[in-house]
2 protein chains.
Amino acid sequence: MLTKQELEEHWAQAEEIYLNHVSIDCVVFGFHEGQLKVLMLKSNNEEAWYLPGGFVLNEEPIEQAANRILKERTGIDEVFLRQFHVFGDPDRTKFHKETYKDNLFFNQRFISIGYYALVDFVDVKPMPDSFSEVCTWRDLNDLPEFQLDHENIFRTALDTLRLQLNYQPIGYSLMPQEFTMPELQKLYETILDKKLDRRNFQRRILGFGILNKLQQTRKGGAHKAPYLYSFNLENYRAALKEGLQGGW
Amino acid sequence: MLTKQELEEHWAQAEEIYLNHVSIDCVVFGFHEGQLKVLMLKSNNEEAWYLPGGFVLNEEPIEQAANRILKERTGIDEVFLRQFHVFGDPDRTKFHKETYKDNLFFNQRFISIGYYALVDFVDVKPMPDSFSEVCTWRDLNDLPEFQLDHENIFRTALDTLRLQLNYQPIGYSLMPQEFTMPELQKLYETILDKKLDRRNFQRRILGFGILNKLQQTRKGGAHKAPYLYSFNLENYRAALKEGLQGGW
DNA sequence: AAAATAGGGTGTAATTTGTACACAATTGTA
DNA sequence: TACAATTGTGTACAAATTACACCCTATTTT
């Protein structure tokens, strides 16, 4: 975390090394203890939180930039990361323009490319950026105030995720390697914010053919030990490409 | 259509009025005589065709820019126009960078926001831009060579359109006000490039509740006169928002 | 140690939806 | 007036979805 003075020096060169007018914001979803989480940051100047973001290096492909930004905040790489929308309102960074009036780089309009990521909660080591003192998971049921248009970005990402659930498999990136059927169901219920019938859920998800049933069960629980499953990566990838079912 | 010399003068001010590094490309789909069409342009310097595109004015929202660009090439406004992907490879405009080496504006990297539009073929009056001598519809079965990465942009738009068909209604923007069931089916078959059973198609599409059956029939054909339909805009809009069915 | 409790595994009947068909009706043309 | 081509509508069958019930097992309670 740097002071405003230091920040300005730090970012003085930004105009030279980053592509002007273009930024990237990432909505990073994780799942832990039956709750859906988003990775967020907070500067100590303001009470408002914001999403992990950054800029595109002059000669860097944007997908690579998104990956780099994600890695800088989480330590992880090669996860599900996908464009979902571009936010291009000229006033979306009005607050920053005013706050950093004398900074050449921040005092410009930014078109922000929104990416959403699905990651395994336990793999992430949240790391603040140069604006922030805190980088941490926030529960979807307990969200803070957002900076700029980041609430809109977040909300759009969540809508996209819910839509994706209907025609593509989900879970590989969000779940640990091995998991039980009730755990996977809980993920779906949490994303959709809706209860599902466990028997029908199981039949349907097994019908997609994207799961491997393992011999072991999850011991240590207070009740009957449930079977463990893992994803069948080959079928999972195929389903991501082809879509699940439905349609014409 | 301007000469290279004139073009450079014409675009000398571009750096001042347009947001640098950001461009917009539109894939405009139309439907005519049972064929799916894309609007394309051709300059006479090169044999390669390209998609309608343009830039974002300094203080212009990007949605508005896309609408403006579409209107400049087609004369129409307020149609189905939607972001589908951002193309951000640093080499995607390599050819232009080399061709317009001495032009400050074109000799820069562009991140292009892809929009696709669904329009009523007969409403469009194709108008060339300052680079082109020709602006016209091209049949999807008879596509020319593309400039830059425009084949990729087009292909991605088509994939998106096909996906959209599965969870959202389509047709309102592509069909005339009144149309017959076989005509609408033909649209679906053309987009999907696949035959559908007409009886099942009719039952399904009627099931969505987005059509009004009219009393009149389409006279003048060589056979039994089919009924005319129009879209029920209220239900259509609701279905666009909610999605059609399926899912959890 | 036995009973109670809380989940978890699996099956089945009823309903809805999807698929594959066939036949009658209408229009212009031979 | 018969014919060809196309549209309108119906129906039997298969598949998928929904709404349930019953049993099993590991821990907790008594």
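Here is the naming used below: chain letters follow the sequence lines, and residue numbers restart at 1 for every chain.
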- Message: Just the rounded figure in Å: distance from P of D:dT7 to CG of B:L228.
- Response: 12 Å
- Nucleotide range of DNA chain C lying under 4.0 Å from chain A heavy atoms: C:dA6 to C:dT12
- Taking the six-membered ring of A:Y227, is NZ or CZ of A:K213 closer than 6.0 Å to its centre and within 45° of its axis? yes
- DNA chain C nearest-nucleotide lookup for B:R204 and B:D197: closer to the 5′ end is B:R204
- Task: Take the C1' atoms of the five end pairs on each side of the helix from C:dA1-D:dT30 to C:dA30-D:dT1, get both axes, and report the angle to 10 degrees.
- Result: 10°
- Query: Rounded to whole angstroms, how far apart are CG on A:L206 and P on D:dT17?
  - Reply: 13 Å
- Message: From OH of B:Y229 over to P of D:dT7, roughly how many Å is that when rounded to an integer?
- Response: 12 Å
- Query: Which pair of heavy atoms, one from A:T160 and one from A:Y116, lies closest together, and at what distance?
  - Reply: CG2-CE2, 3.9 Å
- From CD of A:Q202 across to C1' of D:dC20 the rounded distance in Å is 16 Å
- Nucleotide D:dT7, atom P - distance to CZ of B:F201 in whole Å: 13 Å
- Message: Strictly below 4.0 Å: does A:K195 bring a side-chain N or O up to OP1 or OP2 of D:dA19?
- Response: no
- Strictly under 6.0 Å, is that where the ring centroids of B:Y172 and B:F80 end up? no
- Query: How would you label the contact of B:A222 with the nucleic acid (heavy atoms, under 4.0 Å): base, sugar-phosphate, or nothing?
  - Reply: base
- Message: We want to know whether A:Q185 and A:Q202 form a side-chain donor-acceptor pair, criterion being a heavy-atom distance below 3.5 angstrom.
- Response: no
- Task: Is it possible for you to check whether B:R162 lies under 6.0 Å from the centre of the six-membered ring of A:W248, through NZ or CZ, and within 45° of that ring's axis?
- Result: no
- Note on the structure: On DNA chain D, more 5' by nearest nucleotide between B:P226 and A:K224 is B:P226
- Message: Base of D:dG10, side chain of B:R203 - is there a donor-acceptor contact under 3.5 Å?
- Response: no
- Query: So, do B:F201 and B:E189 sit near enough that their side-chain heavy atoms are less than 4.5 Å apart?
  - Reply: no
- Message: What contact category does A:R199 fall into here, base, sugar-phosphate, or nothing, at under 4.0 angstrom with non-hydrogen atoms?
- Response: base
- Message: Quick check on B:Q216: does its CD atom have over 12 non-hydrogen neighbours (other residues, nucleotides or ligands) under 6.0 Å away?
- Response: yes
- Item | Whole-Å distance separating the CZ atom of A:F208 from the P atom of D:dA16 | 11 Å
- Query: Which pair of heavy atoms, one from A:F231 and one from A:N212, lies closest together, and at what distance?
  - Reply: O-ND2, 3.5 Å
- Item | Nearest-Å distance for atom pair CG/P, residues B:L184 and D:dT7 | 13 Å
- Determine whether more than 12 heavy atoms belonging to other residues, nucleotides or ligands lie under 6.0 Å from atom CD of A:E46. yes
- Item | A:L244 CG to D:dA16 P, straight-line distance once rounded to whole Å | 14 Å
